[in-house]
Structures are given as C-alpha cells and as structure tokens.
Amino acid sequence: MSDEAGASTRERRVNPNFITEIIDEDLKQDRYAKITTRSPPEPNGYLHIGHAKSICLNFGLALDYSGECNLRFDDTNPETESIEYVEAAKRDVQWLGFQWARERYASDYFGRLYECAEQLIQHGKAYVDSLSDAEMSAHRGTITEPGKPSPYRDRSVEENLDLFRRMRAGEFPDGAHVLRARIDLASRNMKLRDPVLYRIVHAPHYHTGDAWCIYPLYDFAHPLSDAIEGISHSICTLEFENNRAIYDWLLEHLRGTCGLPPSPRPYQYEFARLNLDYTVLSKRKLIKLVEGSHVRGWDDPRMPTLSGLRRRGVTPEAIRQFCFRIGVAKSNSRVDVSSFEATVRDDLNVRAPRVLAVLRPLRIVLTNQPEGTIEHLEAPYWPHDVPREGSRTLPFSRELYIEHDDFMEQPPKGFHRLSPGGRVRLRHAYVIRCDEVVKDATGDVVELRCSYDPTTLRAQPSDGRVKGTLHWVSAAHAMPAEVRLYNHLFTAPDPEATGGDFAAHLRPDSLVVARGYVEPSVLADPADTRYQFERLGYFWQDPEDSRPDHLVFNRIITLRDSWAKAAEKAASTSPNKTDRSASDGTA
RNA sequence: UGGGGGAUCGUCUAGUGGUAGGACGACGGGCUCUGGACCCGUUAGCGGGGGUUCGAAUCCUCCUCCCCCAGCCA
C-alpha cells in the first residue's frame with residue numbers, strides 16, 4: 001500500500017472528503033510542514049452531537065495526518081460565556097477520546113489582538129466610529145443598496161488612536177464607540193461593509209477578569225488567533241462563508257506584523273453542520289429546553305448534548321463511528337435518526353452482556369413446581385454470534401414474572417407468545433404451558449397458572465417445536481428497579497421547520513418510568529456495565545441516581561422490533577381499507 | 001432585486017470524461033432458545049433544457065429550487 005504524504009488508507013478517522021483533498025494537495029505542494037487544526041467553538045453552551053461532528057473532524061484530521069489539534073475557545077463575549085461551559089467542553093472532548101496539543105483561548109491573545117488593532121489604525125485601515133447601534137445599521141445599506149459612510153469614517157490616525165486608547169482605558173460607556181475596519185461600504189458582501197472589530201463591554205471576563213473593557217469580535221479574533229497558533233486549516237460551518245472575506249482581509253493586512261508569522265498563513269474552510277431528526281441542535285433552543293424545565297438539565301438523557309448522551313449510556317466509540325459514517329460535505333443535510341440509532345446498536349451489540357429483566361411484570365405460578373424449590377440454571381451472557389465467553393446462573397422457582405405484553409387472551413395471527421392453553425419457552429429454562437388465567441374484579445389479568453415441562457431444558461419438547469421464547473425473572477430473587485424509557489424528544493422530524501414555537505412539538509411521553517425487576521446477577525457487576533435486557537433493548541444504570549438499594553436503569557436504545565413494526569402496520573392498514581376506497585371514490 | 005454557497009436512491013455519502021457504488025431505511029426470504037444479531041435477495045438516484053464528445057453525474061450554457069448574509073452574537 002502506498003502511503004505518500006497523505007493519510008493512511010487504513011483506519012482513517014475521517015472519511016475522505018473535500019477538506020482531505022485540500023490537505024492532500026497542500027501537503028503535496030509543501031505549503032505546510034504539518035497540519036494543525038483547532039476545536040471547539042465558543043463556551044456559551046454545552047457541546048452536542050453536532051459539535052461532535054466538528055470535533056471528530058478536527059481531531060480526526062490531526063490524527064490521520066500526524067498533525068496537531070488545539071483546543072481553542074473563542075471566548076470574546078464575556079456576557080454569555082462562562083467557565084462552566086469551558087469545563088464541560090473539556091470533559092466532553094476527553095470523553096470522546098481526543099487529546100489536544102495545546103489548550104488555548106482567544107482571550108490569551110487579547111494583548112496581541114489589541115496591538116493588531118492599533119497597527120490597523122496606524123495604516124488607516126481601521127477607525128473609531130461613534131454612531132449608535134441603530135444609526136450604524138441604517139448606514140449599512142441593504143443587500144441591494146450600498147452603505148453610506150459614517151461621519152466619523154475620516155477621523156485622523158491620531159484621533160482614532162487617541163479614542164481607541166481611551167476606549168481601552170475605560171473612559172466611555174458601553175456602546176459609545178466601536179472600532180471598525182475600513183474596507184468597503186459598497187461591497188456586495190455585507191460582511192465587508194466596515195465590520196466592527198472591537199466594542200466596549202464593561203463586564204468581567206471569566207478568564208481575564210477586569211483587565212479589559214473592550215473586547216474583540218469573533219471576526220477579528222478568529223483569524224488572528226489562528227495565525228498566532230500556526231493553524232493550517234481552520235474549519236468552521238457554512239454560515240461563515242461570507243465571513244471568510246474578513247478573515248482573508250485581516251490576514252493579508254496583518255501577516256508579518258505584530259508577531260504574526262508572514263507565512264504560511266491559515267485558511268478557512270466551511271462544511272455543513274449536522275442536523276438530526278427528532279431533536280434540535282442549536283444552543284439557543286437547547287438552553288430553552290433546560291431553562292423551561294422541559295428536560296431535567298443539560299445532561300438529561302433525552303438531550304442531544306454529549307453530556308446527555310454520555311449519561312444515557314451511549315459510548316464515545318458509537319458517536320465517533322456515527323460521525324465517520326455521516327461524512328463531511330458542503331450541502332445542507334438532515335440525517336435520519338435511524339442512522340444514529342443503528343450505530344448505537346451496532347456498538348452495543350458486541351459489548352453488552354445479555355441479562356433478563358421484566359418491565360411490566362405479570363406473575364406466573366408453576367403449579368407443578370413444588371413450593372420452596374430453587375433451581376440454578378446456567379445462562380451464557382453472550383449469544384452464539386458474539387464471540388465472547390462468560391455466564392451466570394439464574395434462579396428458577398415456582399413464582400416468576402414475565403412481561404405483561406407477552407401474554408394475550410386473544411392473540412392475533414402470528415403471535416409467538418403466551419396465550420391460554422399455549423406453550424412458550426422461558427429463555428435459558430423450560431417450556432411452559434398456560435393452564436389458567438386469573439383475573440381481578442375488574443377483569444384485568446393478574447396472574448397465570450402454568451405448568452412446566454422438566455424435559456425441555458436445552459431440548460425441544462418431544463411433541464413438537466415451540467416457537468416463542470420469553471424473558472422472565474424469579475419473583476423471589478429479582479431486584480426491583482426503576483427503569484427510565486426514553487423516546488425522541490420531539491414528535492416532528494424537524495421541530496424547527498414549522499415556525500412558531502418548537503416546544504409545541506415536544507413529545508409528552510419522551511420519558512416513561514417503569515417499575516420492573518432485574519435478575520439478581522447484575523448486583524455483582526461494575527455499576528457502569530452496559531447490558532442488553534433480552535428482547536427489550538440496551539440499558540445501564542443511571543450514573544447519577546442509581547444505588548444498590550434503589551436501582552435505576554436508563555434505556556440507551558431499544559432493540560429493533562420487527563414484530564411491533566408488523567403489528568403496527570397491520571393495525572394501520574387493514575381497518576381503513578374500506579374508508580380509503582370510499583374516499584377514493586368520492587374524490 | 002445584490003453577493004456568497006449548494007443540488008446524486010426515501011436519508012447521508014462516494015464518484016474528478018469510460019459499467020452510478022456504500023451505509024441507513026423499506027420490502028422479501030433464510031437461520032435462530034432474543035420477533036435481536038447474522039446471511040441472502042429486491043427496491044430505489046445523477047433538479048430541468050440545450051450543447052461539446054465515440055462516450056457526460058463529471059466539461060460548456062441557460063433555467064429551476066434550497067441555504068447563508070443587512071448583531072456592537074458566534
């Protein structure tokens with residue numbers, strides 16, 4: 001296998017895409033000695049699965065090309081940012097499995113950035129404007145009309161310098177003046193109509209304290225920080241495409257000055273951010289979910305945040321694999337949630353031992369099992385197709401619980417489970433027959449009286465095969481557990497599309513709490529073990545709330561359920577067949 | 001209306017003048033002490049019209065549709 005200067009063709013972290021093509025070419029042309037990227041974004045919210053796409057890209061590229069990725073926070077807005085978000089982001093990046101070369105903050109460079117600003121003023125490339133917010137907006141023009149120059153646009157270098165220094169010294173209130181680049185008020189690119197570089201904000205910064213009362217804007221800080229750090233490929237999302245013109249303008253005017261290397265200079269590239277079905281991925285909306293108490297916090301397992309997914313039980317490997325699968329391109333896209341779920345299942349299938357748990361218990365009594373007898377049945381943790389070893393024993397006794405849904409008095413065609421007079425296999429145990437249905441005063445089924453066939457352990461009954469296999473637990477031995485069943489947070493695939501309040505699409509039953517039972521063997525396992533509860537899905541103990549004397553399990557993801565799907569389809573198609581033909585006729 | 005981007009199976013994504021491929025989904029079948037997993041098969045796409053070429057998703061041209069831009073947010 002030839003391997004040239006580019007990434008190894010084996011075990012890439014990042015699927016080849018338009019950015020890797022650029023890197024391949026840059027390396028081939030010797031434009032950079034090594035590639036250097038940076039991540040993540042502004043510390044004004046928790047990182048989510050969309051950020052994971054960017055993190056996997058930036059860190060993955062560094063790994064694939066033997067380069068480096070810096071952890072850099074563009075912390076230029078002290079009013080919305082906080083150390084809490086910084087710490088959460090660091091935790092999340094590490095959890096995802098990445099190591100940064102350097103930890104950096106735009107605020108590390110405030111001194112240098114200020115120097116750059118003065119440099120621009122000296123060269124007549126920036127000026128202090130004293131228009132109000134509204135006036136400046138009015139002067140900016142529209143997409144079809146050019147902007148008008150501010151009356152302050154032609155202040156002398158001396159006056160600009162004086163004003164700017166006094167801005168820094170704290171002589172003016174918020175909003176009194178700003179520093180703007182002098183570029184082109186008639187530019188077809190609105191971003192180039194003399195963008196604001198610095199504003200006055202009398203607010204302490206979590207990192208620099210009270211040292212500054214003027215703060216650079218992202219457009220100013222971002223390219224210069226990249227240059228200072230020697231970033232080669234500065235990757236961001238599509239909405240910054242127009243901002244690239246400022247990025248280039250600043251670097252072309254400042255490279256080689258104020259300690260910025262003359263070359264090589266960084267370049268910005270933009271890719272499409274991730275959109276995922278049945279959730280929202282914007283910090284503003286995620287904050288609304290938290291502040292509106294629609295969820296229990298940033299780490300609520302229904303949240304698409306990395307802390308939420310972590311608490312839910314999704315592994316970092318699954319998230320990385322998902323980011324690898326979806327790829328990187330420039331067209332706006334929306335990924336099927338089924339794609340994410342399939343990745344999570346693939347990951348868990350080979351790492352989760354199988355155990356038995358019952359979510360909605362229905363008591364069954366084995367009438368031919370003497371009271372007080374307990375059998376210990378050997379049960380492997382892994383199915384035949386997962387090549388791993390290990391087993392535990394299951395206590396088997398006269399009184400058991402099975403899943404309420406696994407019994408029907410009048411079963412539909414194709415129902416392989418239990419019904420009156422019917423037989424079924426108990427997983428890792430015996431075949432039983434339902435002899436009698438016990439109901440309460442309201443007619444609800446409360447107990448089944450069954451008999452078991454002692455000849456059927458690891459064997460089919462002599463008089464024919466039994467099709468269904470049910471999960472079960474021993475009533476006297478099972479551990480009670482609170483089981484939290486999560487569903488999509490929203491009922492609409494794109495909650496933001498319909499306009500109006502996205503919260504109107506919140507799914508009322510996105511969390512359902514069940515009181516069930518888990519086989520006792522789980523108490524001997526590490527608390528962070530991820531299980532498959534057979535026939536139900538993948539689960540693990542909630543890392544915050546679960547205790548040995550009060551087990552709390554989170555459902556990470558259901559199993560695929562082709563029976564439920566078929567049943568749902570049968571229910572929705574057959575009854576309105578007549579309605580449908582009738583309406584066809586009248587239409 | 002100006003500028004900047006983008007359009008390939010239902011969804012995401014390869015393809016860079018030479019048989020449109022993969023993943024997810026859907027559908028059908030096999031296997032199974034999980035209606036899981038796995039295996040096999042099927043379905044299904046180049047936004048539209050012209051042109052260049054032996055040959056076009058790819059090059060040219062006209063058009064259509066979608067996204068972004070008028071924060072002292074990022």
Side-chain angles (χ1 to χ4, degrees), chain A residues 15-17 21 41-42 44 74 76-77 79-81 129 131-133 136-138 140-147 174-180 187-193 195-201 215 217-219 221-222 236-245 270 272 274 277 283-284 325-343 345-346 349-350 354 356 379 383-386 414-417 424-429 431 456-460 465-471 532-537 558-567:
Chain A
N15 248 329
N17 58 60
E21 270 176 40
E42 190 196 11
N44 66 344
D74 284 326
T76 55
N77 188 352
E79 293 181 309
T80 59
E81 297 154 5
D129 198 354
L131 249 26
S132 73
D133 205 333
M136 198 184 299
S137 177
R140 190 150 17 228
T142 68
I143 51 174
T144 50
E145 305 160 56
D174 289 4
H177 309 282
V178 294
L179 184 74
R180 300 178 71 178
S187 173
R188 283 85 61 223
N189 180 353
M190 297 293 293
K191 295 288 185 191
L192 251 22
R193 320 252 261 225
V196 175
L197 268 22
Y198 265 92
R199 78 286 217 190
I200 300 169
V201 181
Y215 292 94
L217 278 89
Y218 167 85
D219 280 327
H222 173 59
C236 63
T237 45
L238 252 25
E239 66 270 27
F240 292 102
E241 281 174 326
N242 295 330
N243 303 56
R244 189 175 62 234
E270 309 87 13
L274 171 67
D277 278 350
K283 285 181 197 161
R284 213 190 93 242
R325 284 189 188 181
I326 59 176
V328 172
K330 293 198 72 156
S331 52
N332 293 106
S333 60
R334 167 164 292 276
V335 176
D336 267 0
V337 72
S338 65
S339 176
F340 178 67
E341 293 172 341
T343 312
R345 289 190 186 104
D346 283 353
N349 178 44
V350 293
R354 273 60 169 175
L356 302 182
H384 60 90
D385 51 299
V386 176
F415 188 77
H416 296 163
R417 308 176 188 184
V424 84
R425 154 86 57 192
L426 294 180
R427 179 70 163 155
H428 301 306
V431 171
T456 54
L457 191 63
R458 282 185 282 274
Q460 284 290 345
R465 279 172 59 96
V466 168
K467 234 183 175 177
T469 300
L470 306 187
H471 56 278
Q532 183 191 106
F533 289 175
E534 292 208 37
R535 304 211 307 135
L536 294 172
T558 60
L559 252 28
R560 278 185 62 218
D561 188 347
S562 54
W563 168 248
K565 199 161 45 180

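This one's a predicted model, so the numbers in the text were calculated from it and none came from an experiment. Chain naming here is simple, since letters A, B, ... match the order of the sequence lines and numbering starts at 1 in each.
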Reckon [X] touches a base, only the sugar-phosphate, or nothing at all at heavy-atom distances under 4.0 Å?
X	result
A:Ala566	nothing
A:Leu131	base
A:Gly537	nothing
A:Thr558	nothing
A:Leu238	nothing
A:Asn77	sugar-phosphate
A:His177	nothing
A:Thr142	base
A:Leu457	base
A:Arg560	sugar-phosphate
A:Val431	nothing
A:Phe533	nothing
A:Asn332	sugar-phosphate
A:Phe340	nothing

Using the [atom1] atom on both, measure [N] against [M] and round to a whole Å.
N	M	atom1	answer
B:G18	B:A74	P	46 Å
B:U64	B:U1	P	10 Å
B:G3	B:C62	P	14 Å
B:U8	B:G45	P	13 Å
B:C24	B:U43	C1'	15 Å
B:C9	B:G5	C1'	24 Å
B:A26	B:G21	P	23 Å
B:C46	B:U52	P	23 Å

Looking at [N], I'd like to know if its phosphate oxygens (OP1 or OP2) sit under 4.0 Å from a side-chain N or O belonging to [X].
X	N	answer
A:Arg345	B:U34	no
A:Arg140	B:C72	yes
A:Arg354	B:G36	no
A:Ser137	B:G71	yes
A:Arg284	B:A74	no
A:Ser562	B:G36	yes
A:Arg193	B:A70	no
A:Thr76	B:A74	yes
A:Lys565	B:A26	yes
A:Ser331	B:U13	yes

Which base, if any, makes a Watson-Crick or G-U wobble pair with [N], both distances under 3.5 Å?
N	answer
B:A7	B:U64
B:C46	none
B:G21	B:U13
B:C38	B:G30
B:G55	none

Atom-pair distance ([atom1] on [X]; [atom2] on [N]), nearest Å:
X	N	atom1	atom2	answer
A:Asn243	B:G5	CG	C1'	13 Å
A:Asn44	B:C73	CG	C1'	8 Å
A:Lys330	B:A14	NZ	P	13 Å
A:Asp174	B:C73	CG	P	10 Å
A:His471	B:G36	NE2	P	14 Å
A:Arg465	B:C31	CZ	C1'	10 Å
A:Asp129	B:G71	CG	P	14 Å
A:Glu239	B:G3	CD	P	22 Å

Is it true that, when you exclude A:Arg188 itself, more than 12 heavy atoms of the residues, nucleotides or ligands shown sit nearer than 6.0 Å to its CZ?
no

Of A:Ile143 and A:Ala176, the one whose closest RNA chain B nucleotide lies more 5'
A:Ile143

Starting at the 5' end of RNA chain B and moving along, which residue's nearest nucleotide shows up first, A:Thr456 or A:Tyr198?
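Result: A:Thr456.
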
Side chain of [X], heavy atoms from C-beta onward: which of [options] has the nearest atom to it?
X	options	value
A:Glu241	B:G4, B:C69, B:G36	B:G4
A:Tyr218	B:A70, B:G36, B:A74	B:A74
A:Arg325	B:C24, B:C72, B:G5	B:C24
A:Asp336	B:A74, B:C24, B:G4	B:C24

State, to 0.1 Å, how close [X] and [Y] come at their nearest heavy-atom pair, and which atoms those are.
X	Y	result
A:Val196	A:Leu217	CG1-CD1, 3.6 Å
A:Tyr215	A:Thr76	CB-O, 3.7 Å
A:Arg417	A:Trp563	NH2-CD1, 2.9 Å

Does the ring of A:Trp563 meet both stacking tests against the six-membered base ring of B:G35: centre distance under 5.5 Å and plane angle under 30°?
yes

Got a donor-acceptor contact below 3.5 angstrom from the A:Asp129 side chain to the A:Leu131 backbone?
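Present.
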
Considering only heavy atoms from C-beta outward, does the side chain of A:Thr469 approach that of A:Glu534 to under 4.5 Å?
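Of all side-chain heavy-atom pairs linking A:Glu534 with A:Thr469, none is under 4.5 Å.
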
